[in-house]
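First comes the structure, then the notes that go with it.
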Amino acid sequence: MTEREKVVLAYSGGLDTSICIKWLIDEHNLDVIAVVGEVGQEHEGLEAIRQKALRTGAIEAYVVDMHEEFVDEYLTDAIRAN
(Lines give C-alpha, C1' and ligand atoms only; values in the text may rest on other atoms or scores of the structure.)
Protein backbone atom coordinates (compact mmCIF):
# COMPACT_ATOMS: atom_id res chain seq x y z
CA MET A 1 0.00 0.00 0.00
CA THR A 2 1.39 3.38 -1.02
CA GLU A 3 1.51 6.14 1.57
CA ARG A 4 -0.59 9.17 0.66
CA GLU A 5 0.94 12.60 0.31
CA LYS A 6 0.42 14.95 3.23
CA VAL A 7 -0.73 18.55 3.30
CA VAL A 8 -0.71 21.05 6.17
CA LEU A 9 -3.87 23.13 6.62
CA ALA A 10 -4.14 26.31 8.69
CA TYR A 11 -7.26 25.29 10.61
CA SER A 12 -9.68 27.61 12.40
CA GLY A 13 -12.35 25.10 13.38
CA GLY A 14 -14.97 26.89 11.33
CA LEU A 15 -17.22 25.41 8.69
CA ASP A 16 -14.96 26.37 5.78
CA THR A 17 -11.75 24.79 7.07
CA SER A 18 -13.63 21.74 8.40
CA ILE A 19 -15.11 21.15 4.95
CA CYS A 20 -11.65 21.73 3.47
CA ILE A 21 -10.27 18.80 5.49
CA LYS A 22 -12.87 16.43 4.04
CA TRP A 23 -12.42 17.90 0.54
CA LEU A 24 -8.65 17.42 0.59
CA ILE A 25 -9.10 13.82 1.77
CA ASP A 26 -11.94 12.84 -0.57
CA GLU A 27 -11.17 14.84 -3.70
CA HIS A 28 -7.36 14.93 -3.65
CA ASN A 29 -6.56 11.75 -1.70
CA LEU A 30 -4.32 13.63 0.75
CA ASP A 31 -3.63 13.11 4.44
CA VAL A 32 -4.33 16.36 6.28
CA ILE A 33 -2.34 17.77 9.19
CA ALA A 34 -4.24 20.62 10.83
CA VAL A 35 -2.42 23.50 12.52
CA VAL A 36 -4.22 25.91 14.85
CA GLY A 37 -2.36 29.12 15.61
CA GLU A 38 -2.57 30.34 19.20
CA VAL A 39 -2.31 34.14 19.20
CA GLY A 40 -4.09 34.99 22.44
CA GLN A 41 -7.56 33.51 22.18
CA GLU A 42 -9.14 31.33 24.89
CA HIS A 43 -6.84 28.33 25.36
CA GLU A 44 -9.52 25.79 26.37
CA GLY A 45 -11.30 26.44 23.10
CA LEU A 46 -8.15 25.61 21.16
CA GLU A 47 -8.09 22.04 22.42
CA ALA A 48 -11.71 21.63 21.33
CA ILE A 49 -10.77 22.95 17.87
CA ARG A 50 -7.85 20.52 17.71
CA GLN A 51 -10.14 17.63 18.61
CA LYS A 52 -12.67 18.75 15.96
CA ALA A 53 -9.94 18.61 13.29
CA LEU A 54 -9.16 15.03 14.29
CA ARG A 55 -12.85 14.05 14.31
CA THR A 56 -13.24 15.61 10.87
CA GLY A 57 -10.48 13.43 9.45
CA ALA A 58 -7.12 15.10 10.01
CA ILE A 59 -4.41 12.53 10.74
CA GLU A 60 -2.69 14.96 13.13
CA ALA A 61 -3.60 18.32 14.66
CA TYR A 62 -1.38 20.77 16.48
CA VAL A 63 -1.91 23.97 18.44
CA VAL A 64 1.13 26.17 17.79
CA ASP A 65 2.09 29.13 19.99
CA MET A 66 2.38 32.08 17.61
CA HIS A 67 2.18 34.95 20.12
CA GLU A 68 5.63 36.36 19.47
CA GLU A 69 5.44 36.13 15.68
CA PHE A 70 1.93 37.64 15.66
CA VAL A 71 3.05 40.65 17.71
CA ASP A 72 6.40 41.15 15.96
CA GLU A 73 5.23 40.71 12.38
CA TYR A 74 1.59 41.85 12.37
CA LEU A 75 0.43 43.87 15.38
CA THR A 76 3.44 46.16 15.47
CA ASP A 77 2.99 47.05 11.79
CA ALA A 78 -0.75 47.50 12.22
CA ILE A 79 -0.20 49.93 15.10
CA ARG A 80 2.38 51.85 13.09
CA ALA A 81 -0.07 52.11 10.18
CA ASN A 82 -2.67 53.47 12.60
Side-chain angles (χ1 to χ4, degrees):
M1 181 167 161
T2 306
E3 186 173 321
R4 293 197 300 188
E5 289 188 48
K6 294 175 176 61
V7 65
V8 176
L9 175 69
Y11 185 70
S12 69
L15 180 61
D16 55 346
T17 55
S18 295
I19 288 173
C20 194
I21 287 176
K22 294 301 283 181
W23 180 75
L24 289 166
I25 294 167
D26 296 343
E27 297 297 321
H28 293 279
N29 197 35
L30 296 167
D31 284 334
V32 178
I33 300 168
V35 176
V36 180
E38 181 180 356
V39 293
Q41 64 274 52
E42 178 186 339
H43 188 67
E44 293 77 30
L46 295 175
E47 179 56 26
I49 292 170
R50 190 184 82 76
Q51 290 298 321
K52 182 177 180 181
L54 294 170
R55 285 192 313 272
T56 305
I59 62 166
E60 297 178 47
Y62 299 98
V63 175
V64 178
D65 183 346
M66 297 180 173
H67 287 96
E68 190 172 320
E69 179 182 358
F70 184 65
V71 170
D72 291 346
E73 296 188 25
Y74 298 99
L75 286 182
T76 305
D77 290 341
I79 291 169
R80 282 188 200 128
N82 195 20

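Here, residue 1 is the first one in the sequence, and each next residue gets the next number. Below, all heavy atoms of this structure are taken into account, side chains as well, without hydrogens, waters or symmetry copies.
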Would you check if [X] and [Y] make a side-chain contact, meaning some heavy-atom pair closer than 4.5 Å?
X	Y	answer
R50	Y62	no
M66	E38	no
I59	K6	yes

Are [X] and [Y] grouped together when hydrophobic residues (ILVMFWY) are joined by side-chain heavy atoms under 4.5 angstrom apart?
X	Y	result
Y11	V63	yes
V36	V8	no
I33	I49	no

To the nearest 0.5 angstrom, please state how far the [atom1] atom of [X] sits from the [atom2] atom of [Y].
X	Y	atom1	atom2	answer
D65	L46	CG	CG	10.0 Å
D16	I21	CG	CD1	10.5 Å
E5	L30	CD	CG	6.5 Å
S18	L9	OG	CG	9.0 Å
D31	I25	CG	CD1	7.5 Å

Ignoring hydrogens and geometry beyond distance, is a side-chain donor-acceptor pair present between S12 and T17 at under 3.5 Å?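 Yes, side-chain donor-acceptor contact under 3.5 Å.
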According to the side chain to side chain donor-acceptor pair (under 3.5 Å) rule, which pairs have a member within residues 69-82, sequence neighbours left out?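 Only D77-R80 qualify under side chain to side chain donor-acceptor pair (under 3.5 Å).
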